[in-house]
Protein chains: 2
Amino acid sequence: MKSKQTSFDIAYRAGVSQSTVSRALRNSPLVNEETRRRVQEIAAELNYKVDKNASSLRTQQSGTIALLLFEDPTNDDSLINPFFLSMLGSITRASAKKGYDLLVSFQQMSNDWHADFEDTRKADGIILLGYGDYTDYEEKLVKLIEQETHFVRWGADVKGLSVVSVGCDNFHGGYQVTEHVIKQNRKNFAFLGGVTTGSPEFLDRYKGHCQALKDNNLNVDSNLQIDAVSTDESGYLAAKKLLENGVAFDAICAASDLIAIGAMRAVQEAGYNIPNDIAVVGFDDIATASFTFPAMTTAKQDTVLAGELLVDKLLQLVSGEEAQTQLMPTTLVVRKSCGS
Amino acid sequence: MKSKQTSFDIAYRAGVSQSTVSRALRNSPLVNEETRRRVQEIAAELNYKVDKNASSLRTQQSGTIALLLFEDPTNDDSLINPFFLSMLGSITRASAKKGYDLLVSFQQMSNDWHADFEDTRKADGIILLGYGDYTDYEEKLVKLIEQETHFVRWGADVKGLSVVSVGCDNFHGGYQVTEHVIKQNRKNFAFLGGVTTGSPEFLDRYKGHCQALKDNNLNVDSNLQIDAVSTDESGYLAAKKLLENGVAFDAICAASDLIAIGAMRAVQEAGYNIPNDIAVVGFDDIATASFTFPAMTTAKQDTVLAGELLVDKLLQLVSGEEAQTQLMPTTLVVRKSCGS
DNA sequence: ATAAAAAATACATACGTATGCATGCGCAAT
DNA sequence: ATTGCGCATGCATACGTATGTATTTTTTAT
């Protein structure tokens with residue numbers, strides 16, 4: 001690197017003091033209009049940039065948000081859930097829009113993640129992203145609260161903890177897609193997704209699913225519910241198990257698009273036609289969903305809005321304001337995979 | 001936040017000076033074995049974390065890598081090319097493995113990105129990610145070099161500039177997939193992807209494609225080459241144009257998986273069977289590729305290796321060592337979309 | 001013209017760490 | 001006993017910025 005320019009260099013060139021330079025660059029009203037212009041001119045000319053470390057040290061603000069992405073530990077390390085990847089994209093954009101940098105970190109829900117970023121002053125706040133299906137998750141949240149760390153999280157509300165969450169209405173989403181399939185005159189529904197062991201998100205989707213069935217006087221057959229985590233492979237295996245089961249069904253509601261994608265493959269390999277023989281619907285509306293064959297009907301989670309909400313609420317917390325947990329509605333996206 | 005602990009607090013508790021604390025925590029050999037243990041114990045007990053801003057200010061090292069992701073400006077803002085998203089994931093992992101944090105930033109190749117992160121001392125080096133199809137791209141690279149910024153980039157080598165690049169052998173990849181399709185007895189090849197206007201990556205793939213055709217005494221019909229950028233929509237439109245063209249073909253080589261996905265949809269909507277009527281192959285091997293119908297044959301770029309190489313080489317540069325541009329081989333992934 | 005008020009700038013310091021240099025201490029060699 | 005040496009630690013300072021306070025300059029009011 002070339003010898004870095006400091007505010008003293010600018011000050012010398014401009015014939016003013018360092019403090020005036022600092023104020024001029026931050027557009028302080030304390031400095032004369034013309035002086036400011038001259039200082040900014042010289043700064044631009046010398047390609048001067050404020051040293052963020054020094055600045056952050058002085059102000060105790062980093063202008064940075066940390067994003068901690070928790071991945072399903074059962075996953076291979078090279079793959080990332082596309083839904084979260086999409087969230088990552090929207091969060092990056094949302095924070096850029098607010099003038100914040102984004103520090104991204106993948107975590108395995110291991111030891112000390114809860115203490116890392118804000119304590120080291122590298123970030124002003126933390127966004128937690130991932131399915132909330134970890135055993136010691138709440139425990140860590142409590143520690144975060146104790147440390148008075150600024151953070152928000154994606155997912156279903158956590159009862160009993162004063163945590164700001166942004167999530168989508170999984171119950172309603174599950175209800176919505178199921179209802180849509182019911183309208184296509186399907187009677188025997190299978191559900192693919194971890195219910196007993198899985199994430200609260202999946203459970204809510206299942207509950208919505210069941211409620212829709214009940215409201216329409218249809219059976220909830222527990223033989224037709226197969227656990228699966230959110231990978232295509234898991235969906236594939238679950239669907240295979242379902243088919244071997246022997247119980248007849250004409251519709252599959254998957255807890256996520258990835259599961260649905262795997263299920264579609266298994267169903268098609270078994271020789272069934274989608275949607276004529278079996279309707280399949282997903283959840284999330286990941287990019288791939290519109291390019292499956294047939295294109296998948298699903299419940300869309302608005303990741304762009306979600307990213308903005310997460311960032312906005314986090315910044316509210318950082319600036320000392322209150323912020324509220326918020327549930328976003330899902331949107332039914334009708335394509336071809338369920339007959340209309 | 002609770003009142004932050006500083007190294008002075010630790011020093012007071014341990015009955016030593018602040019400098020000894022600093023040394024002890026960094027495992028300096030200058031400090032006595034037992035003192036070190038005691039200091040580290042107390043630090044852990046008080047949940048003390050080194051203030052990275054102060055530390056970075058003092059050492060002039062941030063322990064952070066910046067990733068600048070350039071997106072196709074023609075894209076809608078909410079979508080990110082899944083291939084680059086996958087790269088982002090592997091780079092995140094690779095830098096974490098090296099103990100570096102990752103600062104992610106989306107750029108529109110706008111004004112001052114080239115000066116931003118390293119100059120502000122927020123990052124020790126920069127990784128440039130994106131297709132190299134921007135008009136003023138080289139110009140900016142030159143500025144980066146002039147500033148003596150540490151950076152590496154993804155993509156084809158840039159002739160004439162001493163820039164460290166990591167890319168894959170697009171020519172060979174294009175050759176490889178085309179050759180494979182030729183072996184399936186296809187004779188009339190279409191190519192979808194921007195050649196005249198597009199990125200150097202696409203151009204190299206096309207060149208490899210053409211070379212394979214020539215080596216097998218097949219025609220290169222320029223009527224069967226349609227420009228497209230790397231989105232499914234663009235691929236869809238390009239394939240539609242191709243079909244309306246009226247020129248017969250029995251194989252489509254797409255410059256990327258996304259283009260191939262769009263093309264597959266267009267072809268299927270037109271009533272053709274893949275691969276019986278028309279073979280389709282892609283490039284990249286994004287996650288979706290294995291879940292199209294039929295599953296897509298493609299040239300895989302090893303994103304995990306790429307991420308590690310990029311990070312390793314960047315860190316070499318940061319530590320003052322030399323680093324070499326490297327070309328990675330592609331791997332042919334045979335699935336169902338081209339008849340075998 | 002002079003005092004007071006306002007505006008613009010300079011001075012001084014703190015943020016928390018890392019590190020060169022000085023100091024102190026114990027012990028061996030003279 | 002004095003010198004010398006190595007080891008462990010403390011002292012002092014610098015990294016570059018932002019900001020409270022002091023100071024100077026300019027303007028306004030009398």
Side-chain angles (χ1 to χ4, degrees), chain A residues 1-40 42-43 46-64 117-124, chain B residues 1-40 42-43 46-64 115-124:
Chain A
M1 295 296 301
K2 287 185 182 169
S3 64
K4 59 249 159 217
Q5 304 282 355
T6 74
S7 49
F8 283 97
D9 297 318
I10 311 294
Y12 178 78
R13 293 284 207 300
V16 296
S17 71
Q18 180 269 333
S19 43
T20 299
V21 170
S22 176
R23 291 198 173 93
L25 293 178
R26 315 191 90 229
N27 289 318
S28 159
L30 289 179
V31 38
N32 179 286
E33 179 65 31
E34 204 222 295
T35 310
R36 176 186 323 175
R37 214 179 26 73
R38 189 158 41 93
V39 168
Q40 293 187 343
I42 294 176
L46 296 187
N47 198 27
Y48 165 81
K49 304 282 172 186
V50 172
D51 184 316
K52 290 277 188 183
N53 291 318
S55 175
S56 298
L57 174 60
R58 177 61 228 250
T59 61
Q60 303 289 33
Q61 302 194 348
S62 62
T64 301
F117 285 106
E118 188 170 342
D119 277 11
T120 63
R121 303 275 157 187
K122 266 203 159 185
D124 298 331
Chain B
M1 295 296 301
K2 287 183 185 171
S3 62
K4 60 254 157 210
Q5 304 281 356
T6 73
S7 50
F8 284 96
D9 297 318
I10 311 294
Y12 178 78
R13 294 284 207 299
V16 296
S17 70
Q18 180 269 332
S19 43
T20 299
V21 170
S22 176
R23 290 195 176 97
L25 293 178
R26 316 191 89 230
N27 289 317
S28 159
L30 288 180
V31 38
N32 178 285
E33 180 65 31
E34 204 222 296
T35 310
R36 176 186 322 175
R37 215 179 25 73
R38 189 157 42 92
V39 168
Q40 292 187 342
I42 295 177
L46 296 188
N47 198 27
Y48 166 81
K49 303 281 171 186
V50 172
D51 183 317
K52 290 278 187 183
N53 291 318
S55 176
S56 297
L57 175 59
R58 178 62 228 250
T59 61
Q60 301 289 32
Q61 301 194 348
S62 63
T64 301
D116 265 14
F117 284 105
E118 188 170 339
D119 277 11
T120 63
R121 304 274 156 187
K122 267 203 155 184
D124 297 332

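The chains referred to below are lettered A, B, ... by the order of the sequence lines, with proteins before strands, and numbering in each begins at 1.
- One interatomic measurement links the two molecules: CG of A:Leu30 to C1' of D:dT21, which rounds to 12 Å at whole-angstrom precision.
- One finds the CZ atom of A:Arg36 at 12.0 Å from the OG1 atom of A:Thr20 (value rounded to the nearest 0.5 Å).
- Residues from residues 52-60 of chain B placing a heavy atom under 4.0 Å of any atom in DNA chain C, listed by number, are B:Ala54, B:Ser55, B:Arg58, B:Thr59.
- Shortest non-hydrogen contact noted between A:Gly63 and A:Asp124 is N-OD2, 2.9 Å.
- Within the model, atoms OG of B:Ser7 and CZ of B:Arg23 stand 12.0 Å from one another, a figure rounded to the nearest 0.5 Å.
- Checked by atom type, the side-chain pair B:Thr64/A:Lys122 shows a donor-acceptor distance below 3.5 Å.
- Of the inter-residue distances, the one linking A:Asn53 atom CG with A:Ser62 atom OG reads 10.5 Å to the nearest 0.5 angstrom.
- Counting all heavy atoms, side chain and backbone alike, A:Phe8 lies closest to A:Gln18 at CE2-CB, 3.6 Å.
- Using a 4.0 Å heavy-atom criterion, one finds that B:Ser28 contacts no nucleic acid atom at all.
- Using a 4.0 Å cutoff to heavy atoms of chain A, the contacted part of DNA chain C runs 5' to 3' from C:dA8 to C:dG16.
- Residues B:Ile10 and B:Tyr48 share a closest heavy-atom pair of CD1-CB, 3.6 Å.
- Rounded to an integer number of Å, the gap from B:Glu33 CD to D:dT9 P is 11 Å.
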Q: Under the side-chain contact (heavy atoms from CB on, under 4.5 Å) rule, what do A:Val39 and A:Leu25 come out as? Steps first, then yes or no, please.
A: CA-CA 7 Å; A:Val39 168; A:Leu25 293 178; 4.2 Å; yes
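- Put simply, the side chain of B:Gln40 gets close to the backbone of B:Ala24: a donor and an acceptor are under 3.5 Å apart.
- Across residues 15-23 of chain B, B:Gln18, B:Ser19, B:Ser22, B:Arg23 each have a non-hydrogen atom less than 4.0 Å from an atom of DNA chain C (numbered order).
- Between A:Phe8 atom CZ and D:dA18 atom P there is a gap of 11 Å when expressed in whole angstrom units.
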Q: May I have the step-by-step check of side-chain contact (heavy atoms from CB on, under 4.5 Å) for B:Asp51 and A:Gln60, ending in yes or no?
A: CA-CA 10 Å; B:Asp51 183 317; A:Gln60 303 289 33; 4.3 Å; yes
